[in-house]
Amino acid sequence: MKDKRLPKIWILVLWCVLAIACVSAPCTGAEPLAGLDAYIEKTMKDWQLPGLAIAVVQGDRIIYMKGYGTREIGKDLPVDENTVFAIGSTSKAFTATAIGLLVQDGKI
């Protein structure tokens, strides 16, 4: 029987990584995401994740996009920036956040 906890764990890790990237200081000439690869790889090992994808957006452009690991346990298909993951009910949180940002900007 397939373990149903894996997608929830992946989502938690992704949220944590994105939160860290979002609150980090703006670019000051130094590599702003230095150590991110090592952090993600360690977290994947600690949480026993087969793979994940991440994109970091600053302003209106993507400043970092990468896939890590494999798409499925026991298979050699690598995760890349175009891999599609099932996100389940977390789309509600994305929508609520987007609406909140629009309200904050006075557009709604």
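Heads up: numbering here begins at 1 and tracks the sequence. As the structure is a prediction and not an experimental result, all values here were calculated from the model.
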Of all heavy-atom pairs linking Thr83 and Val79, the shortest is OG1-CA, 3.5 Å

| Got more than 12 heavy atoms from elsewhere within 6.0 Å of CG, Asp46? | yes

d(Leu52 CG, Arg71 CZ) to nearest 0.5 Å is 13.5 Å

Out of curiosity, does Ile73 fall in the hydrophobic cluster containing Leu77 (side-chain heavy atoms, cut-off under 4.5 Å, transitive links)?
-> no

- [ ] Establish whether Ile40 and Ile63 are linked, either directly or via other cluster members, by ILVMFWY side-chain heavy-atom contacts under 4.5 Å.
- [x] yes

Mind checking whether Met65 and Ile62 have side chains closer than 4.5 Å, heavy atoms only?
-> yes

Separation between CE (Met44) and OG1 (Thr70), nearest 0.5 Å, reads 7.0 Å

(message) If you define the side chain from C-beta out and look only at heavy atoms, does anything of Tyr64 sit under 4.5 Å from Asp37?
(response) yes

Q | Flag, side chain of Asp80 to backbone of Asn82, donor-acceptor distance under 3.5 Å | A | yes

One should read off an interatomic distance between Lys107 NZ and Leu102 CG, to the nearest 0.5 angstrom, of 6.5 Å

Practice task
Decide side-chain contact (heavy atoms from CB on, under 4.5 Å) for Tyr68 and Lys66; before the verdict, give the C-alpha distance in whole Å, the side-chain angles of both, and the deciding distance to 0.1 Å.
Solution key: CA-CA 7 Å; Tyr68 296 86; Lys66 185 174 178 181; 3.6 Å; yes

Is there a side-chain contact between Ile108 and Ile99 (heavy atoms, below 4.5 Å)?
-> yes

